Structure formats: C-alpha cells, structure tokens
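For clarity, every value in this text was computed on a predicted model and none was experimentally measured. Each ligand, and each atom within it, is numbered from 1 in the order the structure gives. What you see below is based on every heavy atom in this structure, not just the backbone, and it leaves out hydrogens, waters and symmetry mates.
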Amino acid sequence: MERIERKKTLAVQVGNIKIGSEAPIVIQSMTNTKTTNINATLEQIYQLEAAGCELIRLAVPDMPAAKALEKIVVKSPIPVIADIHFDLKLAFQSLESGAAKVRVNPGNLGGHDKLIRLARRAKQLKVPIRIGVNAGSLEKNIINKFGGPTAEALVESALNHVQALQSIDFHDLVISLKASDVYTTICAYRHFSKLSAYPLHLGVTGAGPLYAGIIKGAIGIGTLLADGIGDTIRVSLTADPVEEVKAARRIIQSLGLRKFMPELISCPTCGRCEIDLVTLTEKVEDMLKDYSIPITVAVMGCIVNGPGEAKEADIGISAGKKRGILFSYGRAIKTVSFSDLLGELKREIETLASTAAKQTEGI
Ligand code: SF4
C-alpha cells in the first residue's frame, strides 16, 4: 500500500516529547477541570494519559491557575502546556511554574512587543511557544483586509507573529490555524505549510458534540494528515476529553501513520446475514480493548462471502445461524459452532499476541 509522505518540519522539544521532523504524530488533549483544583486536574490527566494522551494543555485563566501549574507539572506523567489568552503575566507565571510549552493566542495578547518579551523568557528556559491563531479572535486589521476570518487571513496573522519572533531569532515554535469551518481550516493549513517549516498543531476548533465533532475533526485533521501535513493533533469535542484521545488515535491509525491497537473490520451486513452481527461486533470490539498488537481482525456476517470480503484480515470470523468459521487472509481455518465462535477467536488472538510479544523480546 502506498504510504503517506509526511512533510518534513523543524523539531520542537516539549518536555520529553518531540514534535515535528520525523517524530510520530503526537496526540494531545485539554483538561476541562478547574486548573486550581489540582487533584481533579491531575486525576483527569491520569485518565487521559491512560487513554493515550501524550501532551496535555490546561487553561490558565488567572494567576491562581498559573501558580497551581507548579504543583501539577511535577506530578503529571505527561508534559503540561499552559493555555494563555489576554494576559501576558499569566504566560510568564506559567513559565516560572514549569510549563513545558505555552500556547498563546496573539490575536488577544496585545501586540508583538508583548509576544517578543514572552519569547525572550521562553528562550532562556528552553520552552517552546505555540502560536495558536484562531478564526474567532483574529486582529481587526486582518479581518478588515480579508473581509472576514478566511484561510488567507489566518495564514497572514500567523506569518506576522512568526516573523516578529524570527526577528529575535526565536524558532522554538509550533503553529496552529484553527477555524470551526472545516474547509477553511484545511485551506489555511495547506497554504501555511507551503510557506513555513515550523511544526503544525492540527485541529478544528469548536467542532461540536461527540458524533458531529468526531466527523468534523476526522475530515479536517484526516485530510491534512493524508496530505502529509501536521505534527500533533487535538480533536476538539464537547465531551469527555478521553473521547478526544480515542478519536485522535483512530484518525492517526486509520491513515496508517501509527498503530495503537488491533484494527477491527466488520461488514455493514445485508440480507444474507442471519445473525445479530451488531452485538457480535460489539463483543469483539470490547474484547480487543485488552490488546495493543497491530493486527487486523474481521467480523463478517455470512460464511460464503465474509472471508473473501475481508482478505486483508490476520484473523476473522464469519457467522452463520448455527455455525461460523475462523479465517485468516481470506482462507477458512476452522469451522465451529456459533456459541464457540468468540472463544475460538480469542484463543487465536492470544496466540498472535504471544507470537508478537516473543518477536518484540527477540526470542
Ligand atoms: Fe452481506 Fe455477507 Fe458481505 Fe456481510 S459479508 S455484507 S452479510 S455479503
């Protein structure tokens, strides 16, 4: 299969995580607890890390939140990013509190002088800055010039801030150009990536609740990743942030850019299907949560067509009314009664998992 050729960007180090260059696409999310509630915030960070989150951003709306970061960063298992709007003092305090990266929205920070002052301190501490341009808070002169928050407006705003920081030889930068309109977002990133080699944080802002948000995020982020654009992603959802991480993993794995879990193929069913394939597929999906091996597992709805329709699967089941078959790469390997089908599949997956573990250990 043809692989995606990723655009080469500059590398930025955020704590122990590298963004850009040839580093894997990094998954990030944002807590929705009060940052001043240190225990609740840490609890959410632990949950997110367990789900696969690699960088975590925290809102810093006031000075107590900026100071709370100090206690959070030492206990967080993943690097902590401070999210700053409006008040530069909060960015300075976040740096002193040990944030591994600071995200600023220059559109509401109040001019390049302030941004440059922040960058000078960040440079001393070797902390990168994300220039997080947002369609909802672009500078007035840019809105007037382009007649609205267009893709070109987002790019011009980002370039202006980048150039201001380049003037003091600051290059420890990650850039984002987010809009809630998916196509505007795609166009902005495509255009910017032609003009700059700084690593890009991808996201569609204000994407909405779980179902709609995942679709918008997958189209926006997925299209760009398929173009080879993007170094770190956040799927914005009005939902439990753990869902953002799960969605991000799926998007990245769907494009073959990283492997986190078994890939599940299941057929859409049709009039040939004689069983409740939805329930069977849910059971297999649940079973696969215990594995992290990069195999493809298929669940198909009829014995005759199923194996052939899922030829790429390492292992699969096709179910008929009373019996089903286990198959591998389109070839039947065993016929079993319907009631034994799940158990047989689990045994085969266990075998594949232990073979994979032995290969990893070099046995
Ligand atoms: Fe229909 Fe069988 Fe194909 Fe599923 S595998 S869509 S049941 S023909």
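Of all the atoms in ligand 1, the ones that sit under 4.0 Å from a non-hydrogen atom of Arg272 are 8 (S). Numbered from 1 in the order shown, with element, the atoms of ligand 1 that lie under 4.0 Å from a heavy atom of Gly301 read 4 (Fe), 5 (S), 7 (S).
With respect to the salt-bridge test (charged N to carboxylate O, under 4.0 angstrom), the residues Lys145 and Glu156 qualify. For Glu54 and Arg258, the salt-bridge test passes: some basic side-chain N is under 4.0 Å from an acidic carboxylate O. Salt-bridge annotation for Arg6 and Asp231: present, with a side-chain N of the basic residue lying under 4.0 Å from a carboxylate O of the acidic one. A salt bridge links Glu243 and Lys246; the closest N-O separation between the charged side-chain nitrogens and carboxylate oxygens is under 4.0 Å.
Of the protein's heavy atoms, Asn305 ND2, 3.3 Å lies nearest to atom 8 (S) of ligand 1. Remark: minimum distance from atom 1 (Fe) of ligand 1 to any protein heavy atom is reached at Cys270 SG, 2.3 Å.
Minimum heavy-atom separation, Glu309 to Glu312: O-OE1, 4.2 Å.
As for Glu309, its N/O/S atom nearest atom 3 (Fe) of ligand 1 is the one called OE1.
Residue contact annotation: Cys302 places no N/O/S atom under 2.8 Å from atom 1 (Fe) of ligand 1.
Leu345 and Met261 fall into different hydrophobic clusters, defined by Ile, Leu, Val, Met, Phe, Trp and Tyr side-chain heavy atoms under 4.5 Å apart, directly or through other members.
The side chain of Cys267, and not its backbone, has at least one atom closer than 4.0 Å to an atom of ligand 1 (non-hydrogen atoms only; side chain from C-beta on).
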